[in-house]
Asker: 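So that we are looking at the same thing, I have put the structure below in structure tokens.
Predicted model, so just to flag it, every value in this text is computed and none were measured. Chain letters run A, B, ... following the sequence lines, proteins first and then strands; every chain starts at 1.
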Amino acid sequence: MIIKALIGDREIDLQLRPGDGLPTLSVAGRQADMDLAQVSDYSWSLLIDGQSHYLSIRPSREGYQVLLREQTYQVRLQSEMDLAMEKLGLRRGTAAEAGTVQAPIPGLIGAIQVSEGDAVEAGDILLVLEAMKMENELPAPLSGVVEKIHVTRGEIVEKGAVLVVISAAREG
Amino acid sequence: MIIKALIGDREIDLQLRPGDGLPTLSVAGRQADMDLAQVSDYSWSLLIDGQSHYLSIRPSREGYQVLLREQTYQVRLQSEMDLAMEKLGLRRGTAAEAGTVQAPIPGLIGAIQVSEGDAVEAGDILLVLEAMKMENELPAPLSGVVEKIHVTRGEIVEKGAVLVVISAAREG
Amino acid sequence: MFNKVLIANRGEIAVRVLRSCRELGLQTVAVFSDADRTAPHVLMADEAVRIGPPPSSESYLQMGHLLEAAAKTGAEAIHPGYGFLSESGPFARQVEAAGLVWIGPPARIIDEMGDKLAARKRAVEAGVPIVPGLDDATADPALLLQAAEDMGYPVLVKAAGGGGGKGMRRVERAEDLPGALETARSEAGSAFADDRVYLEKYLSAPHHIEVQIFADQHGRTVSLGERECSVQRRYQKVVEETPSPFISDDLRRELGEAAVRIASACGYIGAGTVEFLVDGEQNFHFLEMNTRLQVEHPVTELVTGLDLVAEQLRVASGEPLSFSAADIRPLGHAIECRIYAEDGFDGFAPSIGTILELTTPGGPGVRLDHGIRAGMEISPYYDPLLGKLCTWGANRDQARRRMSRALEELRIVGVRTTVPFCVAVMEHPAFVEGRYDTHFIDRYIGELSRHAARSNAHLPAVAALGAALYAERESPRPNHRAGGTGATSPWLEAGRRRQRSR
Amino acid sequence: MFNKVLIANRGEIAVRVLRSCRELGLQTVAVFSDADRTAPHVLMADEAVRIGPPPSSESYLQMGHLLEAAAKTGAEAIHPGYGFLSESGPFARQVEAAGLVWIGPPARIIDEMGDKLAARKRAVEAGVPIVPGLDDATADPALLLQAAEDMGYPVLVKAAGGGGGKGMRRVERAEDLPGALETARSEAGSAFADDRVYLEKYLSAPHHIEVQIFADQHGRTVSLGERECSVQRRYQKVVEETPSPFISDDLRRELGEAAVRIASACGYIGAGTVEFLVDGEQNFHFLEMNTRLQVEHPVTELVTGLDLVAEQLRVASGEPLSFSAADIRPLGHAIECRIYAEDGFDGFAPSIGTILELTTPGGPGVRLDHGIRAGMEISPYYDPLLGKLCTWGANRDQARRRMSRALEELRIVGVRTTVPFCVAVMEHPAFVEGRYDTHFIDRYIGELSRHAARSNAHLPAVAALGAALYAERESPRPNHRAGGTGATSPWLEAGRRRQRSR
């Protein structure tokens with residue numbers, strides 16, 4: 001059961017051997033002594049060959065969000081099966097579609113300047129996203145029709161939240 | 001619905017009026033503006049006429065354990081009904097029985113020097129309670145027979161835990 | 001002295017002011033918006049009064065609500081902290097009109113020094129060099145073009161009525177000047193209700209160095225030394241230190257004297273900061289004066305041993321300063337890192353969310369000022385400054401190493417912070433050697449990011465292992481088979497289950 | 001210098017040592033018993049090695065396990081902290097025999113100064129007055145009775161081989177002496193494998209004042225000033241401060257010189273503390289020497305600006321002290337309050353349990369050293385010291401008020417602590433005025449308790465209100481009726497439900 005972990009564009013080969021007691025893992029072929037102990041609701045102590053690491057781990061949409069020395073890592077885990085499916089081109093698409101406007105930063109939705117059904121030109125301002133003293137005007141990424149507005153004024157959104165969907169105008 | 005709160009040997013008269021919104025409480029006849037807001041799992045912010053109090057509140061065997069400015073208060077609440085029953089002598093007894101040996105401090109059970117069924121004299125050492133570098137020998141409070149031993153060696157006990165019960169020797 | 005102080009602010013500065021009040025035996029009144037009902041400054045205060053809904057325009061900036069809260073609680077004095085209404089002449093005037101003590105300089109000084117052009121004039125009168133420029137905001141376009149030509153491009157168009165980068169434009173070429181003036185005027189007009197703008201020479205790669213001064217109502221004005229504030233992004237400070245590793249002792253003395261001259265010239269009272277730009281040849285120019293407590297005041301406190309907030313309270317109540325110039329003998333070195341809810345390696349993008357866990361550093365030479373707690377929601381309503389971590393050392397190297405150590409101990413789970421960015425700054429050669437100016441971040445952001453990635457090169461593998469063991473552990477045991485295939489991998493099951501339950 | 005240090009301890013002192021190692025760029029190895037797998041010192045260290053089950057006799061006191069851990073991790077030096085094996089000559093010898101650096105004085109000095117009789121002899125040779133007594137532990141009963149008669153009752157019977165109150169007896173009358181000698185001998189024999197006892201005059205109401213000294217391997221021995229440690233219960237310190245508010249500058253100088261003479265006489269190396277008893281007339285007597293870092297070392301660090309652990313590491317690696325006697329110019333005042341998991345108002349009864357929440361103080365002049373975290377179990381296996389809160393002030397009054405303020409900010413939910421007791425000490429008139437000796441707690445415990453009750457007189461009502469509103473809120477809503485009678489009181493329902501579910 002060879003497994004891959006993906007962190008950004010980095011791939012790490014892991015091998016998990018569920019034993020009678022603790023599972024053992026090897027990284028890139030090298031086996032290590034490991035012990036994961038829960039510290040608190042979100043935090044864990046991981047000893048790898050005696051090296052002490054203090055992590056917080058939370059499941060996320062993409063896999064797992066790991067905080068380590070105040071750096072956040074997004075970890076995706078893949079089994080042999082996943083890898084095989086990927087080879088067959090069965091990987092789920094994750095890229096946002098061209099007409100989807102997402103929040104570039106977390107913030108508060110200010111004035112919304114379009115309505116569903118409106119025709120917009122690429123560059124037209126759709127709405128204002130307020131964040132920490134700044135007002136950010138979000139423009140339409142392409143020309144078309146406002147298909148769906150997912151937010152309302154005064155709403156707090158996270159980074160990456162889908163705000164508006166524009167369906168592209170048919171050419172000709 | 002007049003209520004009493006008991007803290008140690010102090011009694012405080014409270015009056016709770018569950019309203020449409022927040023309940024209002026008056027203390028010793030004086031009504032106060034109050035707002036209790038949850039801060040975290042165990043902690044609460046209580047504003048009484050604008051005075052800010054930061055409490056931790058936990059239900060306990062006796063009622064509620066309240067931490068306030070690092071002091072711990074045991075609060076028992078009584079309704080009119082409770083008070084009426086108390087007047088009729090129907091109050092539940094809380095005092096430990098004479099033959100019950102409780103842990104005077106929290107600690108680790110060391111050597112247990114008696115077995116169930118043993119006859120003991122008042123003052124005989126029953127067991128050793130170890131706490132923070134000290135060994136405390138706990139004696140039998142009265143002469144009689146060891147009826148029940150509730151603990152085993154190596155066990156950690158809290159203050160007040162019942163350790164051993166001695167049934168008094170019948171006189172004559 | 002007054003007995004009860006209302007703190008018209010929130011976050012770490014409200015907590016900071018509260019601490020000094022308490023040490024002096026004064027009662028404290030906190031104010032809060034609905035978003036801050038259980039914020040630390042509310043939990044710690046003696047009294048707390050609600051002043052409105054979350055947006056600061058409806059709460060912390062509502063002068064009427066603040067004065068009502070003071071009246072209701074019987075507060076006798078108001079401390080504005082920094083930001084919000086701290087540099088509002090009208091608010092200071094209203095506070096005094098209500099018969100309360102304003103803990104800050106008198107309204108007329110706030111008004112005067114808040115007007116950048118009036119402040120520049122004061123500096124000139126006090127014999128202090130200013131950044132070359134054209135102060136006649138009403139000059140005709142031809143005159144402005146000529147002036148810009150004379151001082152040489154790039155030039156800065158700045159608003160007379162305010163700061164914070166609003167109404168400010170950097171202009172590279174003459175043909176862009178008229179347009180820039182127009183935009184700046186309009187921005188300044190809407191931001192400060194004052195559309196006057198002026199021209200300043202753009203100094204390349206200056207140091208931003210400021211001097212803390214203090215004056216009482218009895219004519220004594222003292223300099224408490226300088227702070228080096230050149231680690232900035234978008235004119236916002238990230239790291240400060242004192243003493244400056246850059247300036248000579250002669251310049252240090254000159255800056256202190258210049259700051260005192262300007263403060264004396266305008267009859268200053270209370271805590272104030274005189275900001276200077278210093279070029280590579282140690283030429284200095286007055287930039288502006290801040291008529292309030294500065295975010296970075298703790299580094300000055302660490303080397304002087306003074307409590308600046310306590311001193312503000314004393315001065316406001318009419319007492320003389322507790323020290324004279326001769327008492328100021330700065331000892332050792334202090335550094336401050338600002339902990340923002342921002343990702344320093346992602347363009348300082350703000351991060352909101354809930355602080356799930358908070359672990360604070362301790363031990364020798366560490367001071368932490370913050371206004372957060374575990375379980376607190378970081379909302380987009382307010383400034384993203386969570387707190388300030390300061391260290392003191394017998395020398396700069398010790399303070400710096402101690403800062404690295406303390407940053408490592410600080411753990412904030414739930415939002416991204418500038419902590420890893422600050423760690424990289426502490427270890428960057430230019431910072432280690434004290435060779436940096438205001439372009440430090442822009443110049444080195446790539447290096448800082450690469451350095452962080454390099455020195456943490458082993459961490460992605462650790463994170464992957466942690467996630468794998470976590471998934472294994474959290475997975476339902478019945479599915480767990482020795483030698484199981486990928487298809488029944490317990491951790492993928494667990495991962496999927498959790499995704500579904502969202 | 002060595003590169004990797006194993007810290008043979010736990011709790012706040014392991015964390016303390018780790019911090020200085022990190023600031024000097026040294027790798028750290030923590031050791032842990034099964035009870036400490038997720039304790040802060042393990043979470044913070046670079047490496048961590050399990051050394052056994054919870055009882056310290058099977059883990060932290062296991063010399064072999066510690067040496068194995070060092071060998072396994074390649075640690076080159078061992079820091080013992082205080083307590084556990086820090087004053088074990090045999091362990092120091094084994095560490096050195098294993099080719100490792102022992103961070104402490106050489107074994108022969110530990111042995112010599114650990115022998116109270118040998119230490120008294122050194123003091124006499126160095127011309128330092130000792131507490132009057134009879135040092136001949138083998139003297140016949142008649143001689144002992146005569147000596148006791150000569151020095152006057154009460155007298156103390158003390159063990160030559162160790163401290164901590166073991167083998168110590170206070171004797172009021174001649175007829176009790178033989179019995180006391182017998183018991184003390186037997187106790188000392190089993191505790192220290194050394195049944196020698198000696199007689200000391202019992203000084204009434206002395207001050208316990210100690211001097212921090214530091215010596216390097218190059219013949220330099222320096223005094224870093226004194227600490228006043230008279231706030232004690234059962235010979236255990238609770239509050240310490242420096243400088244002592246009691247002694248004169250002349251005595252301060254004399255004590256420093258005496259401490260240096262004793263340390264020099266025995267060829268001392270490293271950090272050490274010379275303890276004195278000082279009577280009401282400022283006569284002083286050598287009591288004993290501690291050949292290790294002291295719990296209360298931070299107050300000395302706060303007024304001198306030194307890092308004593310860093311200095312220990314330097315001295316152990318053969319470097320000279322980084323300072324000379326002339327560099328020691330203590331500034332301001334520092335106070336330490338020990339935070340024990342004990343109820344100060346209930347005979348210092350220990351408290352065990354889980355720390356549910358932890359909020360730490362911050363701001364100017366506050367230093368916190370602790371080894372706990374939210375979620376941590378406080379077990380009866382180890383010393384009840386959770387941490388130490390220290391404050392610095394420009395003067396004693398500021399340090400004291402700051403301590404009150406910081407104690408109020410410290411919140412430990414889940415176990416009872418000495419925090420409220422320490423608040424009462426800070427506010428007691430005798431402490432405020434600096435008029436106290438080693439009988440302070442015994443003399444004033446009633447007053448301290450009453451003062452706490454008085455100044456918190458309004459809190460029981462607040463607690464009652466909090467509990468009532470909490471019960472109301474936690475109660476099941478369907479049962480909630482306006483004007484409900486006592487019989488359906490929602491909070492009593494809630495209270496009962498919760499009791500049943502336990």
Asker: Between CG of B:Leu14 and CG of D:Leu465, what distance do you get to the nearest 0.5 Å?
Answerer: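 If I round to the nearest 0.5 Å, the distance is 5.5 Å.
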
Asker: Counting only non-hydrogen atoms closer than 4.5 Å, does D:Asp343 touch chain B with its backbone (N, CA, C, O), its side chain (CB onward), both, or neither?
Answerer: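 Nothing of D:Asp343, per the 4.5 Å heavy-atom cut-off to chain B.
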
Asker: Going through the checks in order, is the salt bridge (Lys or Arg N to Asp or Glu O under 4.0 Å) test met by D:Arg411 and B:Glu70?
Answerer: CA-CA 7 Å; D:Arg411 265 182 112 244; B:Glu70 291 298 283; 5.2 Å; no

Asker: What is the distance from atom CG of B:Leu36 to atom OH of D:Tyr470, rounded to the nearest 0.5 Å?
Answerer: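 So the gap between those two atoms works out to 10.0 Å.
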
Asker: Determine the option with the most heavy-atom pairs under 4.5 angstrom with chain D, choosing from B:Gly107, B:Ser43, B:Pro104.
Answerer: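 Highest number of pairs under 4.5 Å: B:Ser43.
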
Asker: When you look at B:Tyr73 and D:Val462, which way does the side chain to side chain contact (heavy atoms under 4.5 Å, CB included) test go after all the steps?
Answerer: CA-CA 10 Å; B:Tyr73 299 92; D:Val462 173; over 6 Å; no

Asker: Less than 4.5 Å to any heavy atom of chain B: does that hold for the side chain of D:Thr418, its backbone, both, or neither?
Answerer: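 No part of it gets close to chain B.
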
Asker: B:Leu46 versus chain D, heavy atoms under 4.5 Å apart: side chain, backbone, both or neither?
Answerer: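 It is the side chain, since no backbone atom gets that close.
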
Asker: Looking only at side chains, do B:Ser40 and D:Glu357 share a donor and an acceptor under 3.5 Å apart?
Answerer: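 There is such a pair (donor and acceptor under 3.5 Å, judged by atom type) between the side chains of B:Ser40 and D:Glu357.
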
Asker: How long is the straight-line distance from CZ of B:Arg69 back to OG of D:Ser455, given to the nearest 0.5 Å?
Answerer: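 The CZ atom of B:Arg69 is 7.5 Å from OG of D:Ser455, to the nearest 0.5 Å.
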
Asker: Is there a side-chain contact between D:Pro460 and B:Ile12 in this structure, where contact means two heavy atoms from C-beta onward sitting under 4.5 Å apart?
Answerer: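 A side-chain contact exists here, since the closest heavy-atom pair is under 4.5 Å.
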
Asker: Strictly by ring-ring contact (aromatic ring centres under 6.0 Å, His included), give each pair with a member in residues 108-129 of chain B just once, sequence neighbours left out.
Answerer: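 Every pair satisfying ring-ring contact (aromatic ring centres under 6.0 Å, His included) with a residue in residues 108-129 of chain B: there are none.
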
Asker: Does any heavy atom of chain D fall under 4.5 Å from the side chain of B:Val39, the backbone, both, or neither of them?
Answerer: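 The answer is neither part of B:Val39.
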
Asker: Determine, step by step, whether B:Arg58 and D:Leu356 satisfy the side chain to side chain contact (heavy atoms under 4.5 Å, CB included) criterion, reporting the C-alpha distance in whole Å, the side-chain angles of both residues, the deciding distance to 0.1 Å, and the verdict.
Answerer: CA-CA 11 Å; B:Arg58 284 183 292 159; D:Leu356 301 172; 3.4 Å; yes

Asker: Could you pull out the closest heavy-atom pair between B:Leu77 and D:Ala467, with the gap in Å?
Answerer: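 Shortest heavy-atom separation between B:Leu77 and D:Ala467 comes out as CD1-O, 4.0 Å.
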
Asker: Counting heavy-atom pairs under 4.5 Å with chain D, which one of B:Ile7, B:Ile57, B:Leu55 comes out on top?
Answerer: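 Most pairs with chain D among the choices: B:Ile57.
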
Asker: What is the distance from atom OG1 of B:Thr72 to atom CZ of D:Arg416, rounded to the nearest 0.5 Å?
Answerer: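 If we round to the nearest 0.5 Å, B:Thr72:OG1 and D:Arg416:CZ are 4.0 Å apart.
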
Asker: Which heavy atom of D:Ile352 sits nearest to which heavy atom of B:Pro106, and what is that distance?
Answerer: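 For D:Ile352 and B:Pro106, the tightest heavy-atom pair comes out as CG1-CB, 3.1 Å.
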
Asker: In Å, rounded to the nearest 0.5 Å, how long is the span from CD of B:Glu130 to OH of D:Tyr381?
Answerer: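 Answer for the CD-OH pair, B:Glu130 versus D:Tyr381, is 9.5 Å.
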
Asker: Do the non-hydrogen side-chain atoms of D:Leu469 and B:Trp44 ever get within less than 4.5 Å of each other?
Answerer: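 SC-SC contact between D:Leu469 and B:Trp44 ruled out.
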
Asker: Should the heavy atoms of other residues, nucleotides or ligands under 6.0 Å from CD of D:Glu58 be counted, would the total exceed 12?
Answerer: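 Yes, because the 6.0 Å sphere around CD of D:Glu58 holds more than 12 heavy atoms from other groups.
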
Asker: Is D:Ile412 in contact with chain B via its backbone, its side chain, both, or neither, using a 4.5 Å heavy-atom distance?
Answerer: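 It is both, since atoms from each part get that close.
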
Asker: Rounded to the nearest 0.5 Å, how far apart are CD1 of B:Ile156 and CD of D:Glu377?
Answerer: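 Reported to 0.5 Å precision, the distance equals 7.5 Å.
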
